[in-house]
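Quick notes on the structure that follows.
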Amino acid sequence: MLDRLQKLSKQFEAELGEAASQADILAVKAKYIGKKGEISSILKGMKDASPEEKKTVGKESNRLKQEMHKAISQALSEREKQEIEEQLRQNRQDISLTKSLLGQRHPAAYHPVTIVQREIEDIFTSMGFTILNGPHIEDDYHNFEALNIPETHPARDMQDTFWFSDMKHLLRTHTSPMQVRGMETHTAPFKFVCPGKVFRCEDTDASHEMVFHQLEGMMVGENISVANLIYFMKVLLAEIFGKEVEVRLRPGYFPFVEPGFELDIKCLICGGSGCSVCKQTGWVELLPCGMVHPRVLEYGQVDTDKYNGFAFGLGLDRLVMMRYGIDDIRYLHSGDLRFGQQFSEY
Ligand code: PHE
């Protein structure tokens, strides 16, 4: 019996050594230490053996069984490891290849208008303003009528409009329709800014484009005054230019604000002494603004006995051009890759 066990042990080792797959290993396991395996059958065949023999053979078969168990699980985990390594080999990524490809390509970059717009959005959200986005295709009501610009009003001539053929829809000529849309979705008090593209049918030159960018702002609450307007504008400009900026207001006319202003900043190039940028005046016109006209608030269902507010329309392209030293607005939508590749701030 002991001889048979020894033979079995050798046979087992040889077969396990040849087992290539997980299934082969499991088959060896069943053959030797399974319920109907070789070891079991040896033990079963011991019925008639002497107690002495039963003892030694029993002990030896148990030891062998344990040894086989250990060998099987070792073989299985070895096999698993091999499989994982095989998989890793097949999925190997050549990182250096990606790197060299990137070197030849141009990494993605944000458009300079996006960079400046996001910066300004951050400044306003930090002051509690919400950001609203609105449609480029507007209707007459939002772009003109609810902004106190009736059909017969001469102010409509100020904006050369791209009309759709139904003569009811148009490409928004400014972001001010978002004042109207903002009032439709918010109840006073509120404050929000709305960045986006605007469209005017204009002859283009170095400082005029048919597509450009504005950022509308509106704040409505109790007892809002021109002082609040100046405060927010000064904070905004100080953040954008990285230093305190001197401002002044001049009267300006827009049908949706009363009083309306043009906000100028002290020329940052010459410090106010006069240069070509400020046309020797010491001041640069920066943004139109004013106190929201009560009629506009009424269109927006705001209780004018209780609330008033201010609004402004910041031109983004001008700021972008000043920031990056771009001397022609037409580069912004030129689609020239050499232009876009110069801005890699993420
Ligand atoms: N919407 C005006 C324009 O585009 C600018 C403006 C906005 C003026 C808000 C006053 C208040 O010309």
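In listed order, ligands and their atoms are each counted from 1. In what follows, every heavy atom counts, from backbone to side chain, and hydrogens, waters and symmetry copies are set aside.
At distances below 3.5 Å, not a single donor-acceptor pair connects side-chain atoms of His213 with backbone N or O atoms of Leu314. At least one donor-acceptor pair under 3.5 Å links the side chain of Arg200 to the backbone N or O of Thr173.
With ligand atoms numbered from 1 in the order given, ligand 1 contributes 1 (N), 2 (C), 6 (C), 7 (C), 8 (C), 9 (C), 10 (C), 11 (C) to contacts under 4.0 Å with heavy atoms of Phe256. Using a 4.0 Å cut-off to heavy atoms of Ser176, the atoms of ligand 1 that qualify are 1 (N), 7 (C). Using a 4.0 Å cut-off to heavy atoms of Gly313, the atoms of ligand 1 that qualify are 7 (C), 9 (C). Interface atoms of ligand 1 facing Gln214, defined by a heavy-atom separation under 4.0 Å, are 3 (C), 4 (O).
A tilted orientation is assigned to the rings of Trp163 and Phe144, their planes being inclined by 30° to 60°. In this pair, Phe12 and Tyr32 present their aromatic rings perpendicular. The plane angle is above 60°, beyond the 30 to 60° band. Classification of the Phe256-Phe254 ring pair by plane angle, with boundaries at 30° and 60°, yields tilted.
Between Gln179 and ligand 1, no N or O atom pair is found at a separation short of 3.5 Å.
If you look at Phe312 next to ligand 1, the close heavy atoms, those under 4.0 Å, all belong to the backbone. If you look at Arg200 next to ligand 1, the close heavy atoms, those under 4.0 Å, all belong to the side chain.
Side-chain contact check for Glu121 and Gln117: at least one donor-acceptor pair (N or O, by modelled atom type) lies under 3.5 Å. Arg79 and Gln82 are linked by a side-chain donor-acceptor pair at a separation below 3.5 angstrom, with hydrogens and angles left out of the test.
In this structure, Gly260 has no heavy atom closer than 4.0 Å to ligand 1. Not a single heavy atom of Phe261 lies less than 4.0 angstrom from ligand 1. Contact between Glu216 and ligand 1 is present, with at least one heavy atom of the residue lying under 4.0 Å from the ligand.
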